[in-house]
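Heads up: the structure comes next, in structure tokens.
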Amino acid sequence: MNKKAIWIDCDTGVDDAFALFTALKIEELDILGISVTDGNTSLDNGFRNTRNVVSLAGKEDIRIYKGANKPLIGKSAMDASEFHGEDGLGGVILPESKAEVERKLAWDALYEAVKNSKEKVTVCAIAPLTNIATAIAKHPDIVDYIEEINMMGGAAAGGNTTCCAEFNVYHDPEAAENIFKSGIPVNMFGLDVTMKVNFSRADIKEMETYGNPVAEALKEMVKYPLAYLDTVSYQNDICLHDTLPILYAVKPELFKGEKCAVYAETQGSITRGKTVTDLWTDFKFEDRHCRLFLDADREEIVKITKEAIKNY
Ligand code: RIB
Ligand code: CA
């Protein structure tokens with residue numbers, strides 16, 4: 001089988017866990033490595049969560065690397081503990097991974113992996129973009145080895161952290177801007193499409209019947225965010241935000257996107273973290289190397305997620 005070489009950069013919270021458990025069951029993927037940044041929770045929590053999720057999935061051979069503990073500029077921005085819990089996984093304690101702790105830093109490990117890969121690598125960024133931006137800054141020729149960046153982040157319209165900013169971009173807008181200006185093709189899975197791919201409470205009820213350790217862990221993990229969602233009006237279900245950039249690497253036919261330009265606002269007082277696109281205007285940016293996704297086959301994505309979780 002001709003596998004697709006990818007690298008995953010995450011900030012393991014609950015939806016990152018769904019994405020990782022799904023990705024680790026997709027045979028067409030060759031996951032060269034996983035890196036972790038601060039975001040949903042602290043870097044240390046995210047690193048521990050990622051190691052333990054990958055270990056629970058039975059994939060301790062996949063190496064996991066620590067990266068940034070704060071955004072590029074300024075002190076650590078807000079986390080998303082109101083949704084993911086202080087520890088990042090809704091308070092669920094997973095069995096401790098026995099894998100060796102990697103000492104190499106995320107940006108160096110990513111650079112080595114893509115440089116040594118026989119084919120160009122797709123980077124799936126499902127967290128603030130700090131690690132990816134740092135890798136580009138420290139190793140500028142890395143752009144020659146990356147096919148494209150599939151990112152979960154931003155929103156052509158709206159926001160989930162401010163009225164116009166999505167969490168991953170809001171957490172580190174400078175990093176996002178560096179990615180958009182890097183010249184690497186970017187496939188942006190913003191809230192415009194990810195909010196349409198909900199894993200409903202009925203889907204969770206079905207998952208509860210699977211009975212394997214992964215399904216049991218996810219069943220407990222979702223309780224914290226669902227309790228939070230009961231207190232807000234903008235969202236009722238958990239959304240599979242982070243699954244989308246990974247699935248696109250092997251099933252692009254499930255998604256509908258438009259070529260455009262996207263840049264991140266870093267200077268605005270009320271607009272900081274907004275992703276600005278020229279998709280719906282005649283006033284186009286000069287450099288347009290993004291594809292912004294607006295629609296996806298929710299049913300098929302949920303089916304793939306369920307099948308992955310069921311088969312552990
Ligand atoms: O806005 C959703 C994104 O922010 C997801 O990646 C979630 O894990 C959080 O990091
Ligand atoms: Ca994430």
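Bear in mind that the values here come from a model prediction, so they are computed numbers and not experimental data. Counting starts at 1 for both ligands and their atoms, following the listed order.
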N or O contact, H84 vs ligand 1, cut-off under 3.5 Å
no
N, O or S from I126 under 3.0 Å to the Ca ion (ligand 2):
yes
Crowded around K306 NZ? As in, over 12 foreign heavy atoms under 6.0 Å?
yes
For ligand 1, does V14 get within less than 4.0 Å through its side chain, its backbone, both, or neither, judged by non-hydrogen atoms?
neither
Under the side-chain hydrogen bond (donor to acceptor under 3.5 Å, both in side chains) rule, what do Y210 and E206 come out as? Steps first, then yes or no, please.
CA-CA 7 Å; Y210 297 167; E206 181 189 326; 2.9 Å; yes
Which N/O/S atom belongs to D11 and is the closest one to the Ca ion (ligand 2)?
OD1
Test log, rule ring-ring contact (aromatic ring centres under 6.0 Å, His included), inputs F293 and Y248:
CA-CA 10 Å; F293 288 86; Y248 182 73; 4.8 Å; yes
If we number the atoms of ligand 1 from 1 as shown, the ones under 4.0 Å from a heavy atom of E166 are 1 (O), 2 (C), 3 (C), 4 (O)
N40 heavy atoms within 4.0 Å reach ligand 1 at atoms 7 (C), 8 (O), 9 (C), 10 (O)
Looking at the Ca ion (ligand 2), is one of the N, O or S atoms of D242 less than 3.0 Å from it?
yes
Kindly give the heavy-atom pair with the smallest separation between Y65 and L105, and that separation in Å.
CB-C, 4.5 Å
Check each atom of ligand 1 against the heavy atoms of D15 and keep those under 4.0 Å away; list them by number with element.
5 (C), 6 (O), 7 (C), 8 (O)
Answer yes if the side chains of D87 and N45 hold a donor-acceptor pair under 3.5 Å, and no otherwise.
no
The answer for which part of T194 has a heavy atom under 4.0 Å from ligand 1 is neither
Which ligand 1 atoms, with their elements, are less than 4.0 angstrom from a heavy-atom of D16?
8 (O)
Tell me whether the count of non-hydrogen atoms from other residues, nucleotides or ligands lying under 6.0 Å of NZ in K3 goes above 12.
yes
Set out, in order, the CA-CA distance, both residues' side-chain angles and the distance that settles side-chain hydrogen bond (donor to acceptor under 3.5 Å, both in side chains) for S35 and D9, then state yes or no.
CA-CA 5 Å; S35 50; D9 188 72; 2.4 Å; yes
Grab the two heavy atoms, one from M207 and one from A215, that are nearest each other, plus how far apart they are.
O-CB, 3.8 Å
Heavy atom of the protein closest to atom 6 (O) of ligand 1 (residue, atom name, distance)
D242 OD1, 2.6 Å
Between H139 and Y111, how do the two ring planes meet: parallel, tilted or perpendicular, split at 30° and 60°?
parallel
Under 3.5 Å, N or O to N or O, is H241 touching ligand 1 that way?
no
When only distance counts, is I126 in polar contact with ligand 1, meaning an N/O pair under 3.5 Å?
yes
